Amino acid sequence: MKIKETPLKDCYIIEPTIFEDDRGYFFEKYNEKRFEELTGMNGHFVQDNISKSSYGVLRGLHLQKGEHAQAKLVSCLEGKVWDIAVDLRKDSPTFGKWFGVELNAENKLQLYIPRGFGHGFSVLSETAVFAYKCDNFYNKESEGSVKFNDPELNIDWKIEEKDMILSEKDQNAPAFKEKNF
C-alpha cells in the first residue's frame with residue numbers, strides 16, 4: 001500500500017497495490033503493522049460499519065466527541081462517493097479546513113480520518129456501498145455534527161443541493177461557528 005498525505009494534518013489517502021490477471025484482482029485492503037509504519041498513527045480498529053445509499057444521499061458531517069472520538073478508515077466498495085473530511089481539532093494548524101476525494105469501486109482508495117475530524121460523503125452513482133473501519137466503539141451520547149452546507153466551511157459536495165437527500169438530523173445540524181465538537 002502507498003500512503004499519500006492530504007492538505008489536512010494527520011489525514012491520509014491509502015492507495016492499495018493491486019495484482020490483476022485474467023481471473024480478476026487481489027489486494028491487501030488493510031495491514032495494521034504497515035499502516036502504523038507509514039503513518040505513525042495507531043491503526044487498531046474495533047468496529048466495521050457498512051452503509052448503502054442511492055444517488056444524492058448526503059451523510060454528514062458527523063463525528064464522535066470526547067472519550068468516544070473515532071478515527072475512521074473509509075472506502076467505497078460499490079459505486080462512487082465524494083468523501084469529505086473536516087479538521088475540527090481547535091489546536092490543529094488545519095482547523096476548519098476540509099478535504100475531498102472521490103472514493104469508488106474502481107480506484108479502491110481509502111481515506112484515513114483521525115479523531116477530532118468531521119466526516120461526510122455524497123453519493124455520485126446510482127447506488128453506493130460504503131465501508132467504515134472505526135478505532136473506537138460508537139456511542140450515541142457522544143454524537144456531534146456540523147451543518148453540511150455551512151457557509152464558513154463552503155464545502156463542494158459535487159451534487160446540486162436540490163438533488164440532496166438528507167436525514168432530519170443532518171438538515172438540522174448546528175453551524176460550524178457554534179463549535180459543538
Side-chain angles (χ1 to χ4, degrees), residues 3 6 8-14 29-33 35-36 38-54 56-79 81-101 103 109-123 127-150 152-153 155 157 164-181:
I3 303 291
T6 71
L8 303 180
K9 184 171 175 22
D10 304 323
C11 184
Y12 300 98
I13 294 173
I14 296 155
K29 188 167 176 8
Y30 180 72
N31 179 310
E32 182 174 339
K33 182 179 177 188
F35 177 84
E36 289 178 3
L38 291 171
T39 67
M41 309 295 283
N42 176 357
H44 184 70
F45 295 99
V46 298
Q47 182 175 329
D48 281 7
N49 303 316
I50 304 282
S51 68
K52 183 174 182 177
S53 307
S54 19
V57 168
L58 189 153
R59 297 183 186 269
L61 295 162
H62 304 149
L63 70 147
Q64 290 274 286
K65 303 183 281 187
E67 68 182 270
H68 298 287
Q70 293 177 324
K72 298 175 184 171
L73 182 60
V74 298
S75 60
C76 185
L77 305 176
E78 177 184 302
V81 303
W82 179 244
D83 199 63
I84 300 291
V86 181
D87 192 345
L88 301 176
R89 303 170 300 176
K90 293 177 181 133
D91 60 343
S92 171
T94 56
F95 172 72
K97 305 289 186 210
W98 65 272
F99 172 76
V101 62
L103 304 178
L109 296 177
Q110 298 179 81
L111 184 64
Y112 174 75
I113 305 159
R115 290 181 180 198
F117 273 58
H119 173 253
F121 66 88
S122 57
V123 178
T127 61
V129 176
F130 195 76
Y132 314 65
K133 292 183 92 51
C134 302
D135 78 340
N136 204 355
F137 296 104
Y138 169 78
N139 180 279
K140 183 158 181 58
E141 289 73 42
S142 298
E143 283 183 346
S145 60
V146 177
K147 188 80 168 175
F148 74 98
N149 62 353
D150 189 283
E152 196 170 337
L153 296 175
I155 295 171
W157 291 98
M164 293 178 180
I165 303 167
L166 296 136
S167 70
E168 186 175 331
K169 176 177 91 172
D170 289 343
Q171 290 176 37
N172 298 318
F176 177 75
K177 68 182 175 188
E178 292 179 33
K179 298 187 177 44
N180 75 328
F181 37 85

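Predicted model, so just to flag it, every value in this text is computed and none were measured.
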Q: Checking Asp135 against Arg115 for the salt bridge (Lys or Arg N to Asp or Glu O under 4.0 Å) test, could you report, in this order, the C-alpha distance in whole Å, the side-chain angles of both residues, the deciding distance, and whether it holds?
A: CA-CA 9 Å; Asp135 78 340; Arg115 290 181 180 198; 3.1 Å; yes
Q: Looking at His68, is its backbone amide N or carbonyl O close enough to the side chain of Ser142 to form a donor-acceptor pair, meaning the two atoms are under 3.5 Å apart?
A: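 Not at all, since once roles are kept as given, no pair shorter than 3.5 Å links the two residues.
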Q: Using the ring pair (Phe, Tyr, Trp, His ring centres under 6.0 Å) definition, which of the options Phe148, Trp82, Phe130 pairs with Phe121?
A: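 Of the listed residues Phe148, Trp82, Phe130, the ring pair (Phe, Tyr, Trp, His ring centres under 6.0 Å) partner of Phe121 is Phe130.
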Q: Restricting to side chain to side chain donor-acceptor pair (under 3.5 Å), what partner residues turn up for Asp48, sequence neighbours left out?
A: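 Residues passing side chain to side chain donor-acceptor pair (under 3.5 Å) with Asp48: Lys133.
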Q: Might you work through the side-chain contact (heavy atoms from CB on, under 4.5 Å) test for Ile14 and Leu109, ending with a clear yes or no?
A: CA-CA 6 Å; Ile14 296 155; Leu109 296 177; over 6 Å; no
Q: To the nearest 0.5 Å, how far apart are OG in Ser51 and CG in Leu77?
A: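 Between Ser51 OG and Leu77 CG, I get 9.5 Å after rounding to 0.5 Å.
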Q: Atom CG in Asp83, atom NZ in Lys72: separation rounded to 0.5 Å?
A: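 Rounded to the nearest 0.5 Å, the CG-NZ separation comes out at 9.5 Å.
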Q: A quick test of your reading: do over 12 heavy atoms of other residues, nucleotides or ligands sit less than 6.0 Å from NZ of Lys90?
A: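 Check passes, neighbour count above 12.
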Q: Test your reading of the model: is there a side-chain donor-acceptor pair from Ser53 to the backbone of Ala128, 3.5 Å cut-off?
A: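 Pair absent, no side-chain N/O of Ser53 close to backbone of Ala128.
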Q: Do Lys169 and His62 make a side-chain contact, defined as non-hydrogen atoms from C-beta onward lying under 4.5 Å apart?
A: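 Heavy-atom side-chain distance check passes, below 4.5 Å.
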Q: What are the two closest heavy atoms between Ala173 and Ser145, and how far apart are they?
A: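 Shortest heavy-atom contact: CB-OG, 3.5 Å.
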Q: Show, in sequence, the C-alpha distance, side-chain angles and deciding distance for Tyr132 and Gln70, and conclude whether the side-chain hydrogen bond (donor to acceptor under 3.5 Å, both in side chains) test is met.
A: CA-CA 11 Å; Tyr132 314 65; Gln70 293 177 324; over 6 Å; no
Q: For the backbone of Phe176 and the side chain of Asp150, can you confirm whether one donor and one acceptor N or O come within less than 3.5 Å of each other?
A: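 Pair found, side chain donor or acceptor close to backbone of Phe176.
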Q: Surrounding NZ of Lys65 (heavy atoms of other residues, nucleotides or ligands, distance under 6.0 Å), is the total greater than 12?
A: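 Enclosed.
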Q: Hey, does the side chain of Ser54 reach the backbone of Thr127 with a donor-acceptor pair shorter than 3.5 angstrom?
A: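 Such a contact is absent between Ser54 side chain and Thr127 backbone.
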Q: Given 3.5 Å as the limit, does a donor-acceptor pair link the side chain of Asp170 with the main chain of Leu166, or not?
A: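 No: the side chain of Asp170 does not pair with the backbone of Leu166.
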Q: Between CD1 of Ile165 and CG of Leu58, what distance do you get to the nearest 0.5 Å?
A: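 The CD1 atom of Ile165 sits 10.0 Å away from the CG atom of Leu58.
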Q: Mind checking the CG-NE2 spacing from Leu63 to His119? Nearest 0.5 Å is all I need.
A: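 Reported value, rounded in 0.5 Å steps: 11.5 Å.
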Q: Find out whether Asn49 and Cys134 are in side-chain contact, i.e. whether some heavy atom of one side chain is under 4.5 Å from a heavy atom of the other.
A: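 Asn49 vs Cys134: side chains touch.
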Q: Tell me whether the count of non-hydrogen atoms from other residues, nucleotides or ligands lying under 6.0 Å of NZ in Lys52 goes above 12.
A: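 It does not: Lys52 NZ has 12 such atoms or fewer within range.
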Q: Roughly how far apart are Glu78 CD and Ile50 CD1, rounded to 0.5 Å?
A: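 Result: 11.0 Å between the selected atoms.
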Q: Among Val101, Leu103, Val57, Val74, find the one that has a side-chain contact (heavy atoms from CB on, under 4.5 Å) with Val81.
A: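 Of all the options given, the one that passes is Leu103.
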Q: Between Met41 and Glu36, is the side-chain contact (heavy atoms from CB on, under 4.5 Å) condition met? List the steps.
A: CA-CA 5 Å; Met41 309 295 283; Glu36 289 178 3; over 6 Å; no
Q: Ignoring hydrogens and angles, tell me if any N or O in the side chain of Gln64 forms a donor-acceptor pair with the backbone of Tyr138 under 3.5 Å.
A: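 A pair under 3.5 Å: no.
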Q: Between Phe117 and Tyr12 (judged by ring centroids, cut-off 6.0 Å), do the two rings come close enough to count as a pair?
A: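 Here the rings of Tyr12 and Phe117 have centres that are no less than 6.0 Å from each other.
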Q: For Arg89, check side chain to side chain donor-acceptor pair (under 3.5 Å) against everything at least two apart and list the hits.
A: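 By the side chain to side chain donor-acceptor pair (under 3.5 Å) rule, Arg89 matches Asp10, Asp87, Ser92.
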Q: Roughly how far apart are Thr6 OG1 and Ile13 CD1, rounded to 0.5 Å?
A: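 It comes to 6.5 Å.
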Q: Would you say Lys29 and Ser75 are linked by a side-chain donor-acceptor pair, where the criterion is simply a distance under 3.5 Å?
A: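 Per modelled atom types, Ser75 and Lys29 side chains form a pair under 3.5 Å.
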Q: Apply side-chain contact (heavy atoms from CB on, under 4.5 Å) to Val146 and Val86, showing your working.
A: CA-CA 10 Å; Val146 177; Val86 181; over 6 Å; no
